[in-house]
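The block underneath contains the structure these notes are about, expressed in C-alpha cells.
If you're wondering where the values come from, they're calculated on a predicted model, not measured in any experiment. Numbers restart at 1 for each chain; the letters A, B, ... are given by sequence-line order, proteins then strands.
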8 protein chains.
Amino acid sequence: HVGIVMGSKSDMPAMEKAAAELSERGILHEVRVMSAHRDPEMVAEYAKNARMRGLRVIIAGAGLSAALPGVVAAHTDLPVIGVPLTSKTSIAGGLDALLSISQMPPGVPVACVGVDNARNAAVLAARILNA
Amino acid sequence: HVGIVMGSKSDMPAMEKAAAELSERGILHEVRVMSAHRDPEMVAEYAKNARMRGLRVIIAGAGLSAALPGVVAAHTDLPVIGVPLTSKTSIAGGLDALLSISQMPPGVPVACVGVDNARNAAVLAARILNA
Amino acid sequence: HVGIVMGSKSDMPAMEKAAAELSERGILHEVRVMSAHRDPEMVAEYAKNARMRGLRVIIAGAGLSAALPGVVAAHTDLPVIGVPLTSKTSIAGGLDALLSISQMPPGVPVACVGVDNARNAAVLAARILNA
Amino acid sequence: HVGIVMGSKSDMPAMEKAAAELSERGILHEVRVMSAHRDPEMVAEYAKNARMRGLRVIIAGAGLSAALPGVVAAHTDLPVIGVPLTSKTSIAGGLDALLSISQMPPGVPVACVGVDNARNAAVLAARILNA
Amino acid sequence: HVGIVMGSKSDMPAMEKAAAELSERGILHEVRVMSAHRDPEMVAEYAKNARMRGLRVIIAGAGLSAALPGVVAAHTDLPVIGVPLTSKTSIAGGLDALLSISQMPPGVPVACVGVDNARNAAVLAARILNA
Amino acid sequence: HVGIVMGSKSDMPAMEKAAAELSERGILHEVRVMSAHRDPEMVAEYAKNARMRGLRVIIAGAGLSAALPGVVAAHTDLPVIGVPLTSKTSIAGGLDALLSISQMPPGVPVACVGVDNARNAAVLAARILNA
Amino acid sequence: HVGIVMGSKSDMPAMEKAAAELSERGILHEVRVMSAHRDPEMVAEYAKNARMRGLRVIIAGAGLSAALPGVVAAHTDLPVIGVPLTSKTSIAGGLDALLSISQMPPGVPVACVGVDNARNAAVLAARILNA
Amino acid sequence: HVGIVMGSKSDMPAMEKAAAELSERGILHEVRVMSAHRDPEMVAEYAKNARMRGLRVIIAGAGLSAALPGVVAAHTDLPVIGVPLTSKTSIAGGLDALLSISQMPPGVPVACVGVDNARNAAVLAARILNA
C-alpha cells in the first residue's frame with residue numbers, strides 16, 4: 001500500500017486529495033503527520049520500516065524548505081513522491097518548496113510533482129504500483 | 001526494462017548519465033532521441049507501445065519548454081520521470097524546463113527530478129522497479 | 001477563420017475574451033476545449049486538420065506546464081498563438097505557463113502573448129489575417 | 001517581405017539567424033538596426049511605412065528592457081514578432097527581455113518567441129505569410 | 001513644474017499618490033494619461049515639448065511591459081522617473097514592470113523607484129528640483 | 001559636482017564608466033570607496049556633508065544586498081542614483097542588488113538604473129544637473 | 001536580553017510573534033520601531049549602545065529593500081537576526097527582503113530566517129543565548 | 001568550539017573559508033563531510049552529540065535542495081548557521097539553496113547567510129560565541 005505523510009496538520013486539506021484519489025482507485029493507504037524538522041526520529045523510523053510494513057510508495061507533502069520528502073528518501077529505497085505545498089509565507093507561489101523537493105543531490109532522488117498537486121502524486125503512485 | 005528518451009541529440013551528454021547508472025545496476029534500457037515538437041507521432045507511438053514492448057518506466061529529458069516528459073505521460077500509463085535540462089538559452093539556470101516538467105495538469109503526472117540530474121532519474125527508476 | 005482551443009473548461013472565462021474580440025471584429029471563429037495531456041489524440045487531429053478545415057490561425061490557452069500551444073504547433077504549420085493562463089497553483093503569477101509557451105525548441109515556434117491576455121491573442125490573430 | 005530590426009549592432013549575431021532562415025526558405029527580407037530609445041523617430045517612421053513598403057511581418061529583437069518590438073507594434077498594424085535577446089547584464093538569463101516583450105498591454109500585441117531564438121521568429125514569420 | 005503621466009486610467013489610484021505628495025510640498029504638477037503603445041504620437045509630442053513647456057522632471061507610471069517611462073526618456077533630455085505598477089496579470093508581484101523600467105539600454109536612463117511607489121517618485125522629483 | 005561612491009574597490013571597473021561618462025560631458029566629479037556595512041560612519045558623514053561640499057547628485061554602486069545607495073539617501077536630501085552591481089555570488093544575474101536598490105521604503109527614494117549600468121547613472125546625473 | 005527592532009509600526013503584527021515567543025521562554029526583551037532609512041542616527045545609536053545596555057542578540061525585521069538588519073549589524077558586533085517581512089508591494093512574496101537581508105557583504109553577516117517568520121527569529125535568539 | 005559540516009567533498013573549497021576565518025580569530029573548530037541525504041544517521045548523531053562534545057555553534061554548508069543545515073538544526077538546540085552553496089546545476093545562481101535554508105518551518109530556525117559566503121558564517125559564529 002501507499003504511505004502519505006506531511007509535515008503539519010495544516011497540510012491535511014491539500015494532501016487529502018491524494019488519499020481521495022487512492023481510495024477512488026481502490027489502493028490501500030495510510031496517512032501520517034510528521035515533521036522532518038520537529039520529529040526527525042519519527043520520520044527516520046517511518047521511512048526505515050516502510051518496506052517491511054508493506055509500503056511500496058511514499059507520498060510526502062511539505063511547504064517552504066520542504067525537507068520531508070528528501071529526508072524520507074534518505075531513509076528508504078522505496079520510491080518517494082514529493083508534493084510542494086504553498087503556505088501563507090511561500091516565496092513566488094511555492095517556488096521555494098518546488099526547488100527544495102526537486103533539486104535533490106546525486107543518489108537520493110525524489111519524484112516531484114506540481115505545487116499543491118497531491119492528486120497527481122496519487123496518480124503517479126498508482127502508475128508506479130502498476131508498472 | 002527502462003526507456004530513455006530525449007528531445008535532441010545535444011541532450012545526449014546529460015542523459016547518458018542515466019544510461020550509465022542503469023548499466024551499473026544491471027538494468028536493461030534503451031535510448032531514443034525524439035522531439036515532442038518535431039516528431040510528435042514518433043513520441044506518441046513510442047509511448048503507446050511502451051508497455052507492450054516490455055518497458056516499465058520511461059525517463060524523458062528535455063530543455064526549455066520541455067514538453068517531452070508530459071507528452072510521453074499523456075500516451076502511456078507507465079510512470080514517466082522527467083529530467084529538466086539546461087541549454088544555452090535557458091532562463092534562470094533551467095527554471096523554465098523545471099517548471100514545464102513539474103507543473104503538470106491534474107491526472108497526468110510526471111516525476112520531476114533535479115536540473116541536469118539524469119543520474120537521479122535512473123536511481124528513481126531503479127527504486128520504482130524494485131518497489 | 002480562427003480556432004480557439006484551451007486545456008480545460010476552467011480556462012473558458014479567460015479565453016472568452018479572445019472570442020469576444022474576434023466577434024467584435026467580425027472574424028469567424030470556433031472554440032474547443034481539449035487537453036494536450038488528457039486528450040492528446042484529439043489535439044493532434046484538430047491541429048492536423050485545421051488548415052484543411054479552413055482555419056488560418058489557432059489561439060491556444062493553457063496554464064501551468066502549458067503544453068497545448070506547443071503540441072498544436074507541432075501538428076500544423078499554421079501560426080499558433082499561445083496564451084499563458086494563471087491558475088490557483090501557478091508559480092510567480094503565471095511565470096510557469098509563460099516560460100513553457102515562449103521557450104519553444106528550434107523549428108516549432110509559438111507566438112506567446114501576455115499572461116491571461118486572450119484579448120491580445122485575438123488582436124494578433126486579426127493582424128495576421130490582415131497581413 | 002519581412003522586416004528584421006534590432007536595437008543595436010551587437011544584436012546582429014543573434015538576429016542573423018532569422019535572416020538565414022528566411023533566406024533558406026526563399027523569403028525576401030531586409031535588416032535594419034534602430035533603437036527604440038535612441039532612434040525613436042526612425043523606429044516610428046519605419047513601422048508606419050512598413051505596410052506601404054510591402055512588408056507583411058516585422059521581426060524585432062531586443063535585450064534588457066526590450067522596448068523595440070512593442071514600439072514597432074504601436075506604429076503599425078502588421079504582426080510583430082519579438083525576440084528577447086540576452087546580453088552581459090541580463091537578469092536571470094534574459095527574463096527581463098522576455099517579460100518586457102510578452103507582457104504587452106491590451107490592444108497592442110507582440111508575438112514573443114524564446115530567448116535568443118531568432119530562427120524561430122523566422123519560422124513563425126513564414127507560417128504567418130503562408131497562413 | 002513636474003509632469004505625471006501614466007499608461008492607463010486604471011493607473012490613476014496608484015499615481016495619484018505622486019500628485020498628492022507634490023501638492024503637499026507645494027510643487028506644481030500636471031497629470032496626463034497616455035499609453036506608449038496605444039498613443040505613441042501623443043507620448044512623443046508630450047516628451048519633446050516638455051522642457052519648452054517648463055517641465056523639469058517627468059514621472060511616468062506603467063505596468064506589465066511598462067514601456068512608457070523609457071519612451072518618454074527617449075524623446076526628452078529631462079530626468080524621467082519610472083514607477084513600476086502592479087496589475088491583475090503582473091508576473092511575480094510586478095517584477096515584469098520593474099525590470100522593464102530599470103534595465104534601460106546605454107544612453108537613455110530612467111530613474112526607477114519601487115513597485116507601486118508613486119509617492120517616492122514625487123519625493124525623488126522634489127530632490128531633483130532642489131538639487 | 002557629482003559624487004561617485006561604491007562599496008568595495010572591486011566595484012571600480014564597473015563604476016569607472018560613470019566617471020568616464022561624466023568626464024566626457026565635462027562634469028566635475030569625485031570617486032570614493034566606502035561600504036555601508038563596514039564603514040557606516042564614513043558613509044553617513046559623506047552623505048551629510050555632500051550638499052555643503054557642493055555635490056548636487058550622488059551616484060552609489062553596490063552589489064548583493066546593496067545597502068549603500070539607500071544609506072546615502074537616508075543621510076542627504078540630494079538625489080541619489082543607485083547602480084546595482086553583479087558579483088560572483090549574485091542571485092539571478094544581480095536581481096538581489098536590483099531589488100535592494102529599487103524597493104526603497106516610503107520617503108527615501110533611490111533612482112535605480114540597470115544592472116552594472118554605471119554609464120546610465122552618469123547620463124541620468126547629467127539630466128538632473130541640466131533639469 | 002534581546003532587542004527587537006523593526007522599520008515601521010506596520011511591521012508590529014508580524015514582529016510581535018518574536019516578542020511572544022521570547023516571553024513564553026522567559027527571555028527579557030525590548031521592542032523598538034526605527035527605520036534604517038528615515039531614522040538612521042537612531043538606528044546607529046541603538047546598535048552601538050546595544051552591548052553596553054546589556055543586549056546580547058538583536059532581532060531586526062524589515063520589508064522591501066530591508067536595510068535595517070544590515071545597518072544594525074554594521075554598528076554592533078552582537079549577533080543580528082534578520083526577519084524578511086512581506087508588504088503590499090513585495091516582489092515575489094517577499095523575495096526582495098529575503099535577498100536584501102541574506103546577501104550581506106563580507107565581514108558583516110546577518111542571520112536570516114524565513115519570510116515573516118519572526119517566531120523563528122526568537123527561537124534562534126534563544127538558541128544563541130543558550131549556546 | 002565550532003563545527004563545520006558540508007554535504008559533499010566538492011563543497012570544501014567554498015567552506016574552507018569559514019575554517020580560515022575561524023583560525024584567524026583563534027577559534028577552535030572541526031570540519032566534517034556528511035550528507036543529510038546519503039548519511040542521515042551520521043548527521044543525526046553528529047548533531048545530537050554536538051553540545052555534549054563541546055560544540056557551541058554549527059556551520060552547515062549545502063547546495064541545491066540544501067537540507068543539511070535544517071536536518072542538523074532538527075537534532076540539536078545549538079544555533080545552526082546555514083551557507084547556501086552554488087553548484088553547476090543551481091537554479092538562478094543558488095536561489096534554490098538559499099530558499100531551502102532560509103524558509104525553515106516554525107520552531108526549527110537556521111541562521112542563513114549569503115550564497116557561497118562561508119566566511120560570513122564564521123564571522124557570525126564568532127559574534128555568537130562573543131554574545
Side-chain angles (χ1 to χ4, degrees), chain E residues 1-3 17-18 20-21 24-25 50-51 54-59 69-70 72-74 76-84 92-95 97-131, chain F residues 1-3 17-18 20-21 24-25 50-51 54-59 69-70 72-74 76-84 92-95 97-131:
Chain E
H1 62 297
V2 174
K17 289 169 192 162
E21 181 72 27
E24 214 168 284
R25 291 169 182 256
R51 184 182 285 274
L55 297 183
R56 291 182 55 207
V57 181
I58 299 175
I59 296 172
V72 170
T76 181
D77 64 351
L78 291 174
V80 177
I81 302 170
V83 186
L95 182 63
L98 179 59
L99 294 177
S100 298
I101 290 176
S102 57
Q103 288 283 73
M104 288 289 291
V108 190
V110 167
C112 185
V113 296
V115 168
D116 286 335
N117 204 335
R119 192 190 145 206
N120 262 12
V123 179
L124 180 58
R127 288 185 175 216
I128 290 172
L129 293 176
N130 197 32
Chain F
H1 62 296
V2 175
K17 288 169 193 163
E21 180 71 28
E24 214 168 284
R25 291 168 182 258
R51 183 181 286 274
L55 296 184
R56 291 181 56 206
V57 181
I58 300 175
I59 295 171
V72 171
T76 182
D77 63 351
L78 290 174
V80 177
I81 302 170
V83 186
L95 182 63
L98 180 59
L99 294 177
S100 298
I101 290 176
S102 57
Q103 288 284 72
M104 289 290 290
V108 190
V110 167
C112 184
V113 296
V115 168
D116 286 335
N117 203 336
R119 191 189 145 206
N120 263 11
V123 178
L124 180 58
R127 287 185 176 217
I128 290 173
L129 293 176
N130 196 32

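With a 4.5 angstrom heavy-atom cutoff, F:Leu55 does not touch chain E via any of its atoms. For F:Val110, the part sitting under 4.5 Å from any heavy atom of chain E is the backbone (N, CA, C, O) and nothing else. At a 4.5 Å heavy-atom cutoff, the contact between E:Leu95 and chain F is made by side-chain atoms alone. Interface remark: F:Ile101 contributes no atoms to any contact with chain E (heavy atom separation under 4.5 Å). Only the side chain of F:Leu98 comes within contact range of chain E, with heavy atoms under 4.5 Å apart. Heavy atoms closer than 4.5 Å to chain E are found nowhere in F:Ile81, neither backbone nor side chain. For F:Pro105, the part lying under 4.5 angstrom from a heavy atom of chain E is the backbone only. In this structure, the portions of F:Asp77 lying under 4.5 Å from any heavy atom of chain E include both its backbone and its side chain. For a residue to count as touching a neighbouring chain, one of its non-hydrogen atoms must lie under 4.5 Å from one of that chain's; by this rule F:Ala73 touches chain E with backbone and side chain alike.
Contact detail for E:Pro106 and F:Asn117: the closest heavy-atom pair is N-ND2, 4.4 Å. Heavy atoms only, all atoms of each residue included: E:Leu124 and F:Ala111 are closest at CD2-CB, 3.7 Å.
Options E:Val108, E:Val57, E:Val80 differ in how many heavy-atom pairs under 4.5 Å they form with chain F, and the most are formed by E:Val108. The most heavy-atom pairs under 4.5 Å with chain F, out of E:Pro84, E:Gly107, E:Ala126, come from E:Gly107. Contact count versus chain F (heavy atoms, under 4.5 Å) is highest, among E:Ala121, E:Cys112, E:Gly114, for E:Cys112.
Interatomic distance, CZ of F:Arg51 versus CG of E:Asn130, reported as 4.5 Å (0.5 Å rounding). A distance of 11.0 Å separates CD1 of F:Ile128 from CG of E:Leu78, quoted to the nearest 0.5 Å.
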**Request:** In sequence, state the C-alpha distance, the side-chain angles, and the governing distance for E:Val115 and F:Gln103, and then conclude on side-chain contact (heavy atoms from CB on, under 4.5 Å).
**Result:** CA-CA 7 Å; E:Val115 168; F:Gln103 288 284 72; 3.8 Å; yes
